[in-house]
Amino acid sequence: MISAVKGMNDLFGKRAVRWGRMEEDIKLLVSNANFTEMRTPMVEEIALFKRGVGETTDVVQKEMYDFLDKKGRHIAMRPEGTASVVRAFIEHGIAMNEPMPFKVFYIGPFFRYERPQKGRYRQFHQLGIEILGDETAQMDAEMIFTAFRVLTHFKIDAEVHINSIGCKECRPAYREKLVEYFASKKEHLCEDCKTRINTNPLRLLDCKICDPKSKYKDIPVMTDHLCGACDDHFKQLQKSLAIFHVPYIIDPFIVRGLDYYTRTAFEVVANTGGSQNAVAGGGRYDNLVADIGGPDTPATGFAMGLERLFDLIPEDFYSESMLSAGYALCDEAVDDLVHFAKHMSHHPIRFFADYKPKKFKKALQKADKTGAAFMFIIGEDEVKEKKILMKNMKTGEQKVYGQHEVMIIVR
Ligand code: AMP
């Protein structure tokens with residue numbers, strides 16, 4: 001038997017209905033904040049992610065789904081959305097042609113070759129928002145507020161963790177401090193971190209394998225080494241988050257896995273105690289557009305994992321819309337049932353017809369199995385009198401109506 005590729009999921013039935021409604025709600029929320037959708041291809045040249053996400057990141061080094069196409073081009077399935085949005089922003093000259101800031105959102109699948117477990121898949125979905133052309137801390141606060149707003153809409157209890165990871169001016173000196181600090185502790189680091197200490201020392205701060213942050217209490221933190229401008233920006237961010245009523249905690253160990261962040265970095269963690277409780281993350285990336293070859297453009301954004309969001313939505317958040325089912329008890333009744341189905345299609349009612357004639361008892365069983373709230377039956381007598389029998393599946397009550405009369409009742 002051929003099964004789905006490891007770490008990739010099918011979506012159907014009740015879960016698909018809830019998922020669709022979740023996406024509709026999200027789109028409405030972000031559209032109200034003036035984000036418009038941007039759709040980019042599922043694949044890009046791998047060079048984009050190497051440059052955009054960073055050669056030294058796990059995503060690029062270990063997790064890429066990549067292949068050579070028939071012309072030998074090196075292509076990768078997108079592991080995240082920001083690099084593609086930035087590529088499109090540059091390619092279409094958006095900085096020149098659209099009013100700034102340019103605010104977009106995307107919802108769709110992403111691909112990472114990770115070890116699958118609950119909340120971690122090889123094809124997963126993200127909501128992302130990106131705001132290009134604005135350097136203010138207030139915009140970072142709005143961006144974080146948007147992530148928080150999505151969670152509060154779904155009645156999810158979550159915590160926002162923020163940090164500043166500085167800029168080109170202040171980070172190099174801090175980086176040196178970190179390298180110095182860990183130089184004498186190399187033997188206590190995991191294999192990855194022994195390499196990272198030279199390539200990407202900030203990543204030591206959130207390593208889950210050797211976990212230096214729980215072992216050492218005097219690790220230098222970026223927030224103590226910010227330059228004046230970054231310090232002001234971080235203070236303003238906190239002030240604006242307070243105005244937006246977003247509760248936050250400062251967590252100097254939020255460094256984010258991807259290379260492109262500057263200043264603001266944040267994560268949203270659900271208060272569930274589970275291990276995969278990071279729902280969203282992001283921050284500011286003021287150098288990325290220029291690094292990929294575009295005009296100097298400050299930017300900020302986040303990505304939210306939709307599988308994780310979905311699992312956190314309370315069971316009773318969406319009530320199921322009522323289902324009605326229609327059955328014919330004899331061949332003569334089928335045309336009337338077709339008529340009835342056509343009429344029902346004009347109403348916002350979930351209705352399905354089963355055109356294969358069957359005995360009343362069988363129809364009742366089928367209606368029960370599909371979870372119908374109302375069952376409509378057309379038998380020989382009903383055809384003659386242009387009537388229809390409606391049965392309330394919960395109370396068992398049943399009554400005969402004129403076929404046109406019932407249209408008014410169900411509406
Ligand atoms: P990142 O793009 O790594 O910053 O991740 C942003 C969010 O996407 C995370 O907080 C998760 O909710 C989600 N996410 C990342 N990787 C996966 C994955 N492999 N499976 C499911 N969700 C993921």
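All ligand and atom numbering here is 1-based and tracks the order in the structure. As the structure is a prediction and not an experimental result, all values here were calculated from the model.
Judged by distance alone, the side chains of Y261 and N163 never bring a donor and an acceptor atom under 3.5 Å apart. Defined by atom type and a distance below 3.5 Å, a donor-acceptor pair is present between the side-chain atoms of H74 and D66. Under the 3.5 Å distance criterion, with hydrogens and angles disregarded, a donor-acceptor pair is assigned to the side chains of R350 and S321.
Close N/O approach between F124 and ligand 1 is not found [any backbone or side-chain N/O within under 3.5 Å]. For A278, a nitrogen or oxygen atom sits less than 3.5 Å from a nitrogen or oxygen atom of ligand 1, counting backbone and side chain alike. Of the N or O atoms in E114, one or more lie within a sub-3.5 Å distance of an N or O in ligand 1. At least one N or O atom of R112 sits closer than 3.5 Å to an N or O atom of ligand 1.
With a 4.5 Å cut-off on side-chain heavy atoms, R112 and R120 do not count as touching.
A donor-acceptor contact shorter than 3.5 Å is absent between the side chain of E44 and the backbone of A76.
With a 6.0 Å radius and a threshold of 12 heavy atoms from other residues, nucleotides or ligands, E169 has its CD atom at or below the threshold.
Under a 4.0 angstrom heavy-atom cut-off, E307 registers as lying outside contact with ligand 1.
Here is the list of ligand 1 atoms found below 4.0 Å of a heavy atom in R256: 1 (P), 4 (O). Those atoms of ligand 1 with a heavy atom of A303 less than 4.0 angstrom away are 6 (C), 7 (C). Short contacts between ligand 1 and R308, defined as distances under 4.0 Å to a heavy atom of the residue, involve ligand atoms 11 (C), 12 (O), 22 (N), 23 (C).
By the 4.0 Å N-to-carboxylate-O rule, D58 lies close enough to R196 to be salt-bridged with it.
For atom 21 (C) of ligand 1, the nearest non-hydrogen atom from the set A147, G119, A265 belongs to G119.
A side chain to side chain donor-acceptor pair (under 3.5 Å) with Y285 is found for exactly one of R256, R263, E130, namely E130.
Of the heavy atoms in Q126, only side-chain atoms (C-beta onward) come closer than 4.0 Å to ligand 1. Neither the backbone nor the side chain of V59 has a heavy atom within less than 4.0 Å of ligand 1.
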